[in-house]
Amino acid sequence: MSRYETITVTRCSPHVGALIDNIDLRTELSSRQVDELRRALLDHGVIFFHNQPISFEQHRRLAMYFGPLHIHVGGKGTASKPADGYPEIRRQHFDGNSKRVSGEVWHTDQSCAPIPPMGSILHQHKVPPNGGGDTLFASMYAAYDALSANIRALLDGLTAIHDGAILFDANSGTDYPQATHPVVVRHPETGRRLLYVNRGQTTRINELPRAESDHILALLFEHIERPEFQMRFRWADHSIAFWDNRCTQHRAIWDYWPEIRTGYRIQIQGDAAPVPG
Ligand code: SIN
């Protein structure tokens, strides 16, 4: 029997991602619909929708079903900017004048914050007409599960520094947030263990000498980025991706210069700092 009665859920890959149909995000959702969306998010790590031309207000309402809105920490130099009149909505507009784009390296959003956002909802208004601008998503449960028992034992109890200066423009003169989080985290809702380091922000394992930390992080980044744990989402105008930022990573692909890609992203506050797995 299907676990879902109000929505249709179609998997995109074995480990991560599902497409949601049979819902109109422009309308108010029932508590049943919200419960099923939450379940789909927990089951698949990221959920996608097509043909959802929501307004900024509808975008905020959708995000607030899942928690208070997160305000981006640090990074005056980030490639995204707050949308006019909506401080919680980041505009991600890229075109022929862009020097870089947001998220072009594997990352967890804002892991440099003491309490990173639980999730992000990105609504693409306009994508390149001839393809390009896909986003890769990866499951950090699958990455953890695929580690050998010996490496898992080595990682137990370790913590790492996450530094906003790598992903943001380090020359913009901003104070960058930094946080320490466990290397292996337990998801607060599913209880599953997952790998919680990312190339975009993790700089150092605190309990190891620098050379060992560099090598272990390089090994973990390479492992996390294996295609077996990933899927690739192809956007259309008014597609939406809603990712569980606690157990997935993502990477934007900038293969469309000088074409235009414009999206708006809202982040939802996390409840607590990541806990050791
Ligand atoms: C991001 O990291 O939020 C950007 C993802 C994307 O533009 O595909």
Side-chain angles (χ1 to χ4, degrees), residues 16 31 34-47 59-75 78 87-90 103 106-122 137-145 147 152 155-168 175-207 217 220 224 241-250 265-277:
V16 66
S31 56
V34 173
D35 286 350
E36 294 201 355
L37 289 179
R38 181 180 283 277
R39 195 181 316 150
L41 185 71
L42 294 176
D43 285 349
H44 300 286
V46 49
I47 52 179
H59 195 165
R60 289 179 85 250
R61 180 178 63 193
L62 173 64
M64 286 191 304
Y65 287 129
F66 298 89
L69 305 184
H70 172 94
I71 303 279
H72 196 86
V73 297
T78 47
E88 323 90 342
I89 302 183
R90 305 286 296 190
W106 280 103
H107 67 286
T108 300
D109 286 336
Q110 300 262 277
S111 67
C112 56
I115 302 184
M118 72 73 80
S120 300
I121 303 180
L122 175 58
F137 291 90
S139 163
M140 292 306 103
Y141 298 135
Y144 180 77
D145 291 346
L147 289 172
R152 288 191 206 173
L155 300 180
D156 270 349
L158 298 183
T159 62
I161 298 174
H162 295 243
D163 186 344
I166 313 178
L167 206 55
F168 305 155
D175 279 337
Y176 295 100
Q178 264 199 7
T180 284
H181 299 301
V183 170
V184 176
V185 159
R186 189 170 294 281
H187 191 285
E189 290 187 78
T190 66
R192 291 184 65 186
R193 303 179 102 197
L194 61 113
L195 263 181
Y196 199 75
V197 293
N198 67 86
R199 194 183 288 281
Q201 285 157 98
T202 314
T203 52
R204 177 75 199 261
I205 297 179
N206 291 305
E207 295 77 10
L217 283 178
L220 293 177
I224 281 167
F242 179 2
W243 56 92
D244 184 340
N245 193 49
R246 301 164 297 185
C247 60
T248 59
Q249 292 190 24
H250 57 283
R265 190 190 69 188
I266 293 187
Q267 294 175 318
I268 302 157
Q269 280 180 24
D271 289 337
V275 297

Which distance, rounded to the nearest 0.5 Å, do you find between the [atom1] of [X] and the [atom2] of [Y]?
X      : Y      : atom1 : atom2 : value
Arg186 : Leu194 : CZ    : CG    : 9.5 Å
Ile266 : Arg90  : CD1   : CZ    : 12.5 Å
Ile161 : Asn206 : CD1   : CG    : 4.5 Å
Tyr196 : Leu220 : OH    : CG    : 15.0 Å
Glu36  : Asp43  : CD    : CG    : 11.0 Å

Short question: side chain of [X], backbone of [Y] - any donor-acceptor pair under 3.5 Å?
X      : Y      : result
Asn245 : Asp109 : yes
Thr108 : Ser111 : no
Glu88  : Leu69  : no
Arg193 : Gly277 : yes
His59  : Ile121 : yes
His187 : Glu189 : yes

| Is the number of heavy atoms from other residues, nucleotides or ligands under 6.0 Å of Asp271 CG greater than 12? | no
Closest approach of [X] and [Y], non-hydrogen atoms and distance?
X      : Y      : value
Gly119 : Phe242 : CA-CE1, 4.5 Å
Ser120 : Gln267 : OG-CG, 3.4 Å
Pro274 : His181 : CD-ND1, 3.4 Å
Pro188 : Arg246 : CG-NH1, 3.7 Å
His162 : Val197 : CE1-CA, 4.2 Å
Cys112 : Gly164 : CB-N, 3.4 Å

| request: Answer yes or no for Arg38 and Phe66: cation-pi contact, defined as NZ/CZ to six-membered ring centre under 6.0 Å and angle to ring axis within 45°. | output: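 The answer is no; the distance or angle limit is not met.
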State, with a plain yes or no, whether a side-chain heavy atom of [X] is found less than 4.5 Å away from one of [Y].
X      : Y      : value
Leu195 : Leu155 : yes
Arg61  : Tyr65  : yes
Asn198 : Ile224 : no

| request: Could you tell me how the ring of Trp243 sits relative to the ring of His250: parallel (under 30°), tilted (30 to 60°) or perpendicular (over 60°)? | output: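 Rings of Trp243 and His250: tilted, as their planes differ by 30° to 60°.
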| said: Checking Arg204 against Asp163 for the salt bridge (charged side-chain N to carboxylate O under 4.0 Å, His left out) test, could you report, in this order, the C-alpha distance in whole Å, the side-chain angles of both residues, the deciding distance, and whether it holds? | reply: CA-CA 9 Å; Arg204 177 75 199 261; Asp163 186 344; over 6 Å; no
| task | Report the C-alpha separation of Gln269 and Ile115 in whole Å, then their side-chain angles, then the decisive distance to 0.1 Å, and conclude whether the side-chain contact (heavy atoms from CB on, under 4.5 Å) test is met. | result | CA-CA 8 Å; Gln269 280 180 24; Ile115 302 184; over 6 Å; no
